[in-house]
Peer 1: 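The structure's right below; bear with me while I get my questions together.
Counting starts at 1 for both ligands and their atoms, following the listed order. It should be emphasised that the depicted structure is a prediction, and the values quoted were computed from it without experimental measurement.
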Amino acid sequence: MSAPKKLFIKTYGCQMNVYDSERMAEALGSGGYVETKSPDDADMILLNTCHIREKAAEKVYSELGRFKGLKAAKPDLKIGVAGCVAQAEGQEIMRRQPLVDLVVGPQSYHRLPEMEAKAREGQKVLDTDFPDEDKFEKLKSRPIAKRGPTAFLTVQEGCDKFCAFCVVPYTRGAEVSRPVDRVLGEARDLVERGVREITLLGQNVNAYHGAGSDGSDCTLAQLIWELDKVDGLERIRFTTSHPNDMQDDLIEAHGRCSKLMPYLHLPVQAGSDKILKRMNRAHTSESYLRLIERIRAARPDILISGDFIVGFPEETEADFQATLDLVEEVKYGTAYSFKYSTRPGTPAAERPQVDPVEADDRLQRLQALLTKQQREIQDSMVGREVGVLFEKAGRFPGQMVGKSDYLHAVHVADCDRAIGDLARVRILSSGTNSLAAALID
Ligand code: SAH
Ligand code: SF4
Ligand code: F3S
C-alpha cells in the first residue's frame with residue numbers, strides 16, 4: 001500500500017469555515033488523505049478563505065505567493081482555494097495566481113473528491129455553483145475517531161438580510177436550513193465520538209426553519225428542545241443571531257432549557273438609528289435594547305456578546321456617540337468591533353466614506369469601552385459557582401483548562417477530572433484572559 005497523501009488546511013474567517021474545513025478534511029480523508037500540521041510536507045494545500053473585510057481577502061494572495069517555492073520543489077503538490085474568497089473571485093484567483101489548481105465555493109464542497117482527482121490529472125478545476133442538494137449529507141463522515149468535547153454543527157447557512165456593508169449574502173447564498181432529523185443524526189454521532197457541547201452554526205442561526213420529521217417547519221427553539229433530549233449531550237450553544245429573528249420561543253428556551261448555555265451573541269452593529277437604517281438592519285437601537293431587556297427577564301445572568309462597525313459611510317461623531325451610549329446601556333460580556341471595510345458590489349461601497357484616521361480613533365474609543373466592560377463582567381464572576389467543561393490539560397502539572405457556562409476560559413489547579421468532564425467550580429480570581437477556580441465537591 002502506498003503511503004497516505006498529506007493534506008494541509010488553513011482556515012480563515014468565522015466558525016462556519018472551521019466546521020467546513022473539518023468536513024472537507026473528512027471528505028478528502030475517505031480519498032486517502034491524512035492531515036498534516038505543516039504545508040512543507042503536504043501533497044495538497046487548501047486555504048479556506050474569508051471575504052468579509054478587505055484585509056481578510058488580500059491575505060489569500062500573499063499566502064498563496066509563499067507556496068511558490070514549495071510547488072517548485074514538488075510539482076505534484078496541488079493547491080486549492082475554498083471558502084468565501086473562492087466564491088466571490090474564483091476566476092480572478094485562477095488568473096492572478098497560476099499556482100492554484102482548484103477553486104471550490106462553500107456550496108460545492110461535496111464535489112471536492114472528484115475535483116481533487118481531476119486536479120491530479122493536471123486539470124484546473126473551478127466550482128462555485130449553488131447546487132440544489134444537501135452538501136452535508138453527501139459529505140457524511142466515516143463514523144471514526146474520538147474527538148474533543150466541543151464541536152460546531154452547521155444547521156443553517158446563507159443570509160437573506162442584505163446589510164448594506166456585507167458580502168455574506170453573495171458568498172453563502174440564500175438562507176437554507178437543514179432538516180431536523182439530519183441535525184439530530186449528526187449530533188448523536190458527535191456525542192458518540194466524545195462531544196459534550198455543540199454550537200449550532202448559521203449566518204442567521206435564529207432564522208432556522210428546518211423541516212421536522214412530519215415535514216412541518218421547526219424553529220431553532222424547537223430544534224434545541226429536540227437536542228435537549230439527546231443523552232450525553234450536556235451543553236448547547238448557537239451563533240450568530242439576528243435581532244429581528246429572536247422569537248419568543250427562543251427567549252423562553254433561554255429561561256427554561258438547562259442545556260442551553262447563558263450566552264448570546266447578538267450583533268447590533270451601531271447605535272444610531274440613522275446609521276442602522278442606512279445599514280439596512282431593519283431594527284432601531286430602542287427595539288434592540290427592549291429585546292435585550294426581554295432576554296434578560298427570561299435569563300437574568302445571560303452574557304451578551306455583540307459585533308460593531310465604526311466608520312460606516314456618513315457616520316458622524318454624534319452617530320458614533322449613540323453607539324457608545326448603547327454599549328453603556330447593554331454592558332457586553334464580550335464583543336467584536338471592526339472598522340468599516342469597503343466591499344465592492346455591496347450598496348455601501350458607493351457612499352461617501354468616513355476619514356480613515358477618524359474611523360481609527362472611533363474604533364480605539366469603542367474598544368476601550370468594550371474592554372472595560374468585558375473586564376468588569378469577568379471580574380464579577382469571582383466568588384460565583386459555575387459549570388465548567390474541561391477541554392485540555394493546563395500548562396502546570398495537575399491543572400485543567402475549560403470553558404465556563406458563560407464561555408470564560410477557566411483553569412483549575414490540582415484537578416482530578418478528565419477532558420470532557422463537566423464540573424461545578426467556584427471562581428477564585430480573575431486574570432487577564434482567564435479565571436482561576438477550584439472544584440466544588
Ligand atoms: N451573520 C453574522 C455575522 C456576519 S460577519 C451576523 O449577521 O451578525 C461578522 C461581523 O463582521 C458582522 O457582524 C460585522 O460586524 C462585521 N462585518 C461584516 N461586514 C463588514 C464590513 N464590510 N466591514 C467591517 N466589518 C464588517
Ligand atoms: Fe451580513 Fe447582515 Fe446577513 Fe449578518 S445579517 S450575514 S451582517 S447581511
Ligand atoms: Fe468570512 Fe465567509 Fe464566514 S466571508 S465570516 S468566511 S461566511
Peer 1: What protein heavy atom sits nearest atom 9 (C) of ligand 1, and how far off is it?
Peer 2: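 It is Asp307 OD2, 3.7 Å.
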Peer 1: Does ligand 1 come near enough to Thr240 that some N or O of the ligand is less than 3.5 Å from an N or O of the residue?
Peer 2: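 No, there is no polar N/O contact under 3.5 Å.
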Peer 1: In order of chain and number, which residues sit within 4.0 Å of ligand 3 by heavy atom?
Peer 2: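 Lining ligand 3 at under 4.0 Å, by heavy atoms, one finds Cys14, Asn17, Thr49, Cys50, His51, Ile52, Cys84, Arg172, Gln203.
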Peer 1: With a 6.0 Å cut-off on the ring centroids, do Phe8 and Phe67 count as close?
Peer 2: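 No, too far apart.
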Peer 1: Provide, to 0.1 Å, the distance between atom 24 (C) of ligand 1 and the closest protein heavy atom, together with that atom's residue and name.
Peer 2: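 I find the closest protein heavy atom is Lys339 O, 3.4 Å.
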Peer 1: Just jot down the ligand 2 atoms closer than 4.0 angstrom to any heavy atom of Phe165, in number order.
Peer 2: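 Going through ligand 2 atom by atom, the ones under 4.0 Å from Phe165 are 7 (S).
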Peer 1: Residue-level breakdown please: for Ser341 versus ligand 1, do any non-hydrogen atoms fall below 4.0 Å on the side chain, on the backbone, on both, or on neither?
Peer 2: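 The answer is both.
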Peer 1: Within less than 2.8 Å of atom 3 (Fe) of ligand 2, how many protein N/O/S atoms are there?
Peer 2: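 Protein N, O or S neighbours of atom 3 (Fe) of ligand 2 under 2.8 Å, waters not counted, come to 1.
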Peer 1: Is Arg53 positioned over the aromatic face of Phe338, cation under 6.0 angstrom from the ring centre and no more than 45 degrees off axis?
Peer 2: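 Relative to the ring axis of Phe338, which defines the angle, Arg53 lies inside both limits.
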Peer 1: Would you verify that at least one protein heavy atom lies under 4.0 Å from atom 4 (C) of ligand 1, or report that none does?
Peer 2: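 No, because not a single protein heavy atom sits under 4.0 Å from atom 4 (C) of ligand 1.
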Peer 1: Given that the side chain starts at C-beta and the backbone is N, CA, C, O, which of these parts of His242 lies under 4.0 Å from ligand 1, counting heavy atoms, or is it both or neither?
Peer 2: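 The answer is neither.
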Peer 1: Closer than 4.0 angstrom: is that true for some heavy atom of Lys161 and an atom of ligand 1?
Peer 2: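 Outside the 4.0 Å threshold, so no.
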Peer 1: With heavy atoms under 4.0 Å as the rule, classify the contact between Phe165 and ligand 1 as side chain, backbone, both or neither.
Peer 2: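 It is both backbone and side chain that touch ligand 1.
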